[in-house]
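Okay, structure first, notes after.
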Amino acid sequence: MAVSSAICPSPLLSAAASAGDRSDTGARPRFEKTASTSFLRGVGQPRFSGLSSTLILRFPPNFVRQLSTKARRNCSNIGVAQIVAASWSNSSPSFEAPRSAAAADAVVVPEVAADEANTVTGGGFDSRFVDSPISGVGDAKLSSAAPKVAASLSTDGSLAVHAGERFGRGITTDAITTPVVNTSAYWFNNSDELIDFKEKRHASFEYGRYGNPTTQALEEKMSALERAESTLFVASGMYASVAMLSTLVPAGGHLVITTDCYRKTRVFIENELPKMGISVTVIDPADVESLKSALDQNNVSLFFSESPTNPFLRCVDVELVSQLCHNKGALVCIDGTFASPLNQKSLTLGADLVLHSATKFIAGHNDVLGGCISGREELISKIRLYHHVIGGVLNPNAAYMILRGMKTLHLRVQNQNNTALRMAQFLEEHPKIIRVYYPGLPSHPEHHIAKRQMTGFGGVVSFEVAGDLNTTKKFIDSLKIPYLAPSFGGCESIVDQPAIMSYWDLGGSERVAKYGIKDNLVRFSFGVEGFEDLKADIVQALEKI
């Protein structure tokens, strides 16, 4: 059979001719009989002059790659162009099954695998490839695990934009942005393929709770930023903590945590873990001797701490703590939410796991909830299995929003680092401020640790106003730019008085004794507004008290 030049112009014919010298495993198109005569099922039976309805034209992958752009531009018959484009979409590798990201600082790109089973028919092709704008998602098939090739991205800024997407995205699409795959389940061609999937001979997703290609792209991006083997994204940062603790601390185990931390984490540890016979030692973030004592006296399963902590921004010496814990067979998990992956990479310092509330700096726009855990595949796979049973799934629309937010992570965090440091320095000199808590200040108790293990000190500053609860309330209520709200790390500045926002149910003496939270403490999360505007707003509010 000959392909008429009236259908495809000379550039396509020339490329096809040059490909014809290759073997059947190369780029020579092959032709086979078929009984199909319809272009789209249920849309009539259009035919194309010069292209036999009884033959199948196959384009091996090399041919596809060479002609993909040219044919779309040069095919004079739009019907043939549509058929060819559909064939290319079908022959491209689809999204991969959940997998671990490249280790260290490598970003990955999937290798294009040969696939000779994709066809263009004289009468048409399966309509499901037209119904879905995302090639490879329409038939919910996954490519086999492909070797990974390191790409040449060395900076966090480039990784934040491209990791898991331009380099490594499993979804086959011409779109710059990663599509949202809104589905609760994934289908199989037949029972044998399902059996192959169950016996791990066929890669696929199965059910929405077990994985989603949009979420997978997000996990790959985070793994690249954290230099992790694998990442699991879940519905919230608190759920990430619960899943991690429930998986890695066995019944009867022992946990070491620090005094300063997110209150709900402390509540879960104190109220729920004892039900499983798990005991807890609480130490000051800088108290290395107490850590050594806990490790000597108990069979410690896990050390878990924020660094910097909430709300006093205390810093844990991650490298030292990791060495001490590993010597005793204990794991180390660092909650790096206040730092973000841009300011601190706990895994490179020796930690086994790093956890984030992605709601904060990572998503960065105060519009989505999410959490994640990154680390060795061995550990993340255990947490993932727990997650598959319990739930707490990140919605694919939320995954898309976090992906979008992460593209500006480096720009936002750099701006917030700069604003927060300058504001901390200004507040420390102000007569109406008693004390400032910020790891970038020499007065901070762990400033020497922060300088060693952080590349920036974050966008949150805590400070104590000269006055009581009501004086502090008046200061906060006089501010015009920041929102009075919980959370932090977004583009908009947010301020809160922890004594009211997070600890109002506790009496003042209990709150101070257990958590160190005084009535006059303020936590200020600086957004990306102009420094001078924020400073002027703080000055006028301080003048009101």
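Please read all numbers here as calculations on a predicted model, not as lab measurements.
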task = List the steps, then state whether side-chain hydrogen bond (donor to acceptor under 3.5 Å, both in side chains) holds for Asn520 with Asp468.
result = CA-CA 6 Å; Asn520 61 346; Asp468 57 10; over 6 Å; no
Rounded to the nearest 0.5 Å, what separation is found between the [atom1] atom of [X] and the [atom2] atom of [Y]?
X      : Y      : atom1 : atom2 : result
Ser307 : Asp317 : OG    : CG    : 8.5 Å
Ile402 : Thr214 : CD1   : OG1   : 11.5 Å
Phe233 : Asn212 : CZ    : CG    : 13.0 Å
Glu229 : Leu379 : CD    : CG    : 9.0 Å
Leu353 : Ile380 : CG    : CD1   : 5.0 Å
Leu324 : Glu319 : CG    : CD    : 11.0 Å

remark   = side-chain hydrogen bond (donor to acceptor under 3.5 Å, both in side chains) filter on Lys360, not counting sequence neighbours, yields Ser357
inquiry  = Once side-chain hydrogen bond (donor to acceptor under 3.5 Å, both in side chains) is applied, do any residues pair with Ser279, and if so which ones, sequence neighbours excluded?
reply    = His254
Check the surroundings of atom [atom1] in [X]: do more than 12 heavy atoms from other residues, nucleotides or ligands lie under 6.0 Å from it?
X      : atom1 : answer
Asp477 : CG    : yes
Phe268 : CZ    : yes
Lys518 : NZ    : no

Centroid separation Phe361 to His356 less than 6.0 Å = no
Heavy-atom pair of closest approach, residues [X] and [Y]:
X      : Y      : answer
Thr231 : Ser223 : OG1-OG, 2.7 Å
Ala499 : Leu469 : CB-CD1, 4.3 Å
Gln416 : Gly490 : NE2-O, 3.1 Å
Val161 : Lys407 : O-NZ, 3.3 Å
Ala339 : Gln344 : CB-CB, 3.7 Å

request  = In sequence, state the C-alpha distance, the side-chain angles, and the governing distance for Tyr437 and Glu464, and then conclude on side-chain hydrogen bond (donor to acceptor under 3.5 Å, both in side chains).
outcome  = CA-CA 9 Å; Tyr437 302 91; Glu464 293 172 356; 2.8 Å; yes
message = Using the rule given for side-chain contact (heavy atoms from CB on, under 4.5 Å), can you reason through Arg523 versus Val460, listing the C-alpha separation, both sets of side-chain angles and the distance that settles it, and then say yes or no?
response = CA-CA 7 Å; Arg523 190 184 72 175; Val460 179; 3.7 Å; yes
inquiry  = In terms of relative ring orientation, are Tyr438 and Phe457 parallel, tilted or perpendicular, with 30° and 60° separating the classes?
reply    = perpendicular
request  = For the residue pair Tyr210 and Tyr207, categorise the inter-ring angle as parallel (less than 30°), tilted (30 to 60°) or perpendicular (more than 60°).
outcome  = perpendicular
ask   = Would you say Leu194 and Asp196 make side-chain contact, with heavy atoms under 4.5 Å?
value = no
ask   = What do the steps show when you test Ser290 against Ser293 for side-chain hydrogen bond (donor to acceptor under 3.5 Å, both in side chains), and what is the final call?
value = CA-CA 5 Å; Ser290 290; Ser293 177; over 6 Å; no
key: Lys221 and its side chain to side chain donor-acceptor pair (under 3.5 Å) partner, picked from Glu226, Glu165, Gln216   = Glu165
